[in-house]
Amino acid sequence: MLAWSDSFATKIEMVDLQHQKLFELLGRLSDNFNQSDPSETLVNDTLQELLAYADKHFVDEELLMLHAKLDARHINIHRMEHKSFIYDAQSMYEHLCTTDDLIVVSEKLVRFITSWLTFHILGIDHSMAAQMTAIKQGATPEQAYEARRTLKYNADVTHLMLDSILDLWHMSLDRCHKLEEKLAVLEGRRQQE
Ligand SMILES: [Fe+2]
């Protein structure tokens, strides 16, 4: 289970409180697979609550970036990450429900959301916070954006980010292989017709 620690703190109160709430909702989703027989309604309701909260949080974060006048290049990439999370989590859930049992569905979803949140918060959210601080201290949005490359990460944070991106990569490889298998079956059927 993903536990909150100082490593995740952006030092922006609203953002940190909302991230902690997301961790709490993720914990509730993971509670489902600790049960021997989770109900479909419970898994679905918990996931939808988490996605609705994530959506609201993303809007708040995007407004914060606009008010702070962050460089448009950062805002665009950040917004794309937000959009792809909602889309990926929802489509992954719908796809998994057709192939796996509910416990496996919950486990895979929790794994995906854990890795995504870890990588996103430690990566682009921390970069957002650093750029906001730099602008407050007098940097232009462009200077703050360019300076993001000099952000220093400690070894623990680097390991967490590497583990999470590798996990996301493995999960998408797995999904690609499954799609290839399905395509091969469909292609075989088409040739027989
Ligand atoms: Fe974000």
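The model shown is predicted, which means the values in this text are computed figures rather than measured ones. Counting starts at 1 for both ligands and their atoms, in listed order.
- Other residues, nucleotides and ligands contribute over 12 non-hydrogen atoms within 6.0 Å of the CE atom of Met14.
- The Fe ion (ligand 1) has no N, O or S atom of Glu81 inside 2.8 Å of it.
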Point to revise | Leu2/Phe8 under side chain to side chain contact (heavy atoms under 4.5 Å, CB included): CA gap, chis, key distance, verdict | key: CA-CA 11 Å; Leu2 192 56; Phe8 289 103; 4.0 Å; yes

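- Scanning all heavy atoms of the two residues, the minimum distance from Val105 to Tyr93 falls at CG1-CD1, 3.8 Å.
- The atom of His82 nearest to the Fe ion (ligand 1) is NE2, with the search restricted to N, O or S atoms.
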Exercise for review: May I have the step-by-step check of side chain to side chain donor-acceptor pair (under 3.5 Å) for Glu181 and His177, ending in yes or no?
Suggested key: CA-CA 6 Å; Glu181 283 167 14; His177 289 152; over 6 Å; no

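- Residue-level check: among N/O/S atoms of Glu61, OE1 sits closest to the Fe ion (ligand 1).
- Nearest to the Fe ion (ligand 1), among the N, O or S atoms that His120 has, is NE2.
- Of all N, O or S atoms in Asp125, the one lying closest to the Fe ion (ligand 1) is OD1.
- Because the distance cut-off is set at 2.8 Å, His57 fails to qualify as a neighbour of the Fe ion (ligand 1), as none of its N, O or S atoms comes that close.
- Summary: NE2 is the N/O/S atom of His78 found nearest to the Fe ion (ligand 1).
- Using a 4.5 Å cut-off between side-chain heavy atoms of Ile, Leu, Val, Met, Phe, Trp and Tyr, with links allowed through other members, Leu25 and Leu51 fall into the same hydrophobic cluster.
- One N or O on the side chain of Ser172 and one on the backbone of Trp169 form a donor-acceptor pair closer than 3.5 Å.
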